[in-house]
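One structure is given below, encoded as structure tokens.
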Amino acid sequence: MRNILVLGAAGQIGSELVPYLRNIYSADSVVATDINNKVPASLKDAGPFVVLDALNGADMLATVKKYNIDTIFNLVAVLSARGEQDPTFAWKVNMESLINALEISRQTKGAVFTPSSIGAFGPTTPKDNTPQDTIMRPSTIYGVSKVAAELLGDYYHAKFGVDARGLRYPGIISYVTLPGGGTTDYAVEIYYKALQEGSYTCNLKAGSFLDMMYMPDALRAAVELMEADPSKLIHRNSFNVSAMSFDPEMIAASIKKELPHFELKYEIDPIKQSIADSWPNSMDDSCARAEWNWKPEYNLDSMTRDMLAKLRLKLDIK
Ligand code: SER
């Protein structure tokens with residue numbers, strides 16, 4: 001990767017991936033883009049920033065040419081729960097941004113990173129230790145768009161030589177930018193509320209196990225995959241990657257080790273619950289481990305300690 005374009009740079013992943021990439025590859029070589037100018041100053045001031053609607057292919061192509069881009073990280077997405085409120089909008093946003101990135105990379109002979117998700121699996125997928133290659137019949141429009149994106153990535157690689165690669169991310173937990181409209185968002189919100197209010201009302205029920213990952217591992221995974229020796233890749237789009245699997249009771253118990261008075265309550269959101277019930281409890285990420293040496297660094301307790309410490313500073317809570 002020499003010159004990198006990040007689409008959706010102000011989102012949960014982008015707002016941390018941009019500084020991470022700038023730190024590794026140089027500030028000038030990472031072009032942050034988002035649909036409007038309302039992005040943190042850190043994204044605009046520390047390197048190139050362009051207002052870009054990822055659904056506008058002509059504008060994307062002009063930006064790619066101007067900055068001589070060879071790699072696109074497409075982080076534009078409508079997440080699972082939000083997608084169910086407006087499926088055609090979710091499909092349009094999730095697919096048209098990707099098609100633009102792939103078509104442009106076909107012209108430039110470039111590379112594309114696309115996050116897939118645990119949401120690409122569905123109710124008929126084996127739930128425990130979900131294999132890399134298995135049944136994929138998701139029941140959300142988000143999942144349908146992720147399966148389509150995986151297939152398109154492999155298609156553009158096989159047919160046109162685009163270096164398309166992707167990860168099936170679990171729920172990502174971070175303290176910089178909140179996710180929006182996902183089923184796994186509770187695992188971020190719980191840390192804020194634990195510090196601010198001492199209790200949290202969870203919208204998924206006890207026993208809802210899902211794969212999760214702390215943001216530092218998610219960022220490192222993306223770069224390690226994109227830097228991996230292509231001759232070692234049997235899979236491309238997309239790799240199961242996981243760091244931990246827990247349910248609300250387990251994350252609450254982890255928080256209680258740091259904040260003994262923390263209290264967990266429940267008020268179930270039926271839409272989010274049915275989405276969570278359709279996703280794996282835990283994924284088998286052995287192909288990622290074998291093909292490009294994937295290995296997570298954070299587990300539930302080390303993530304909890306770091307999240308609470310970082311959020312105390314951010315929220316100015318003693
Ligand atoms: N975090 C996403 C969601 O909950 C899953 O990829 O929608």
Side-chain angles (χ1 to χ4, degrees), residues 8 11-17 73-87 89-91 93-95 97-98 113-123 125 127 130 136-150 153 166-192 202-205 208-215 217-219 221-222 225 237-248 251 268-283 285 288 296 303 307:
Q12 188 200 10
I13 300 177
S15 60
E16 296 197 54
L17 184 67
F73 283 75
N74 178 21
L75 306 178
V76 173
V78 175
L79 296 183
S80 58
R82 167 85 181 83
E84 292 311 291
Q85 292 166 7
D86 193 346
F89 175 70
W91 175 260
V93 170
N94 294 358
M95 297 317 297
S97 57
L98 177 64
F113 173 83
T114 309
S116 186
S117 163
I118 50 175
F121 297 113
T125 302
K127 276 211 160 319
T130 303
M136 303 188 76
R137 308 287 293 179
S139 52
T140 63
I141 192 67
Y142 175 72
V144 172
S145 74
K146 288 301 181 190
V147 173
E150 291 192 9
L167 299 171
R168 289 183 192 134
Y169 275 135
I172 295 178
I173 292 154
S174 64
Y175 56 86
V176 174
T177 305
L178 287 167
T183 303
T184 58
D185 293 10
Y186 93 87
V188 178
E189 291 158 6
I190 194 170
Y191 288 108
Y192 282 78
C202 186
N203 49 30
L204 296 184
K205 63 186 184 206
S208 305
F209 281 86
L210 293 166
D211 282 290
M212 301 280 178
M213 184 182 289
Y214 197 30
M215 184 64 93
D217 278 335
L219 302 178
L225 173 65
N237 300 279
S238 289
F239 283 94
N240 286 4
V241 280
S242 185
M244 60 193 94
S245 164
F246 59 75
D247 82 327
I251 189 172
I268 307 310
D269 174 333
I271 295 187
K272 287 194 178 180
Q273 187 63 54
S274 77
I275 295 174
D277 289 345
S278 76
W279 289 354
N281 297 331
S282 63
M283 287 187 290
D285 60 6
M303 174 178 76
M307 270 298 278

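Keep in mind that the numbers below use all heavy atoms, side chains included, and drop hydrogens, waters and symmetry copies. Atoms within each ligand, like the ligands themselves, are counted from 1 in listed order.
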| note | ring-ring contact (aromatic ring centres under 6.0 Å, His included) filter on F121, not counting sequence neighbours, yields none

| When you look at NZ of K127, are more than 12 heavy atoms from neighbouring residues, nucleotides or ligands closer to it than 6.0 Å? | yes

| field | No-hydrogen, no-angle side-chain donor-acceptor test under 3.5 Å, T140 and S80 | value |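 On atom types as modelled, these side chains do not qualify, holding no pair under 3.5 Å.
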
| said: Can you see whether T177 engages S15 through a side-chain donor-acceptor pair at a distance of less than 3.5 angstrom? | reply: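 Yes, S15 and T177 have a side-chain donor paired with an acceptor closer than 3.5 Å.
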
| query | Can you say whether the rings of F73 and F113 are parallel (under 30°), tilted (30 to 60°) or perpendicular (over 60°)? | reply | tilted

| request: Kindly give the heavy-atom pair with the smallest separation between P280 and T130, and that separation in Å. | output: CB-OG1, 3.1 Å

| task | Give the protein residues with at least one non-hydrogen atom closer than 4.0 Å to an atom of ligand 1, ordered by chain and number. | result |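 Residue list for ligand 1: L79, S80, S117, Y142, G182, T183, T184, W279.
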
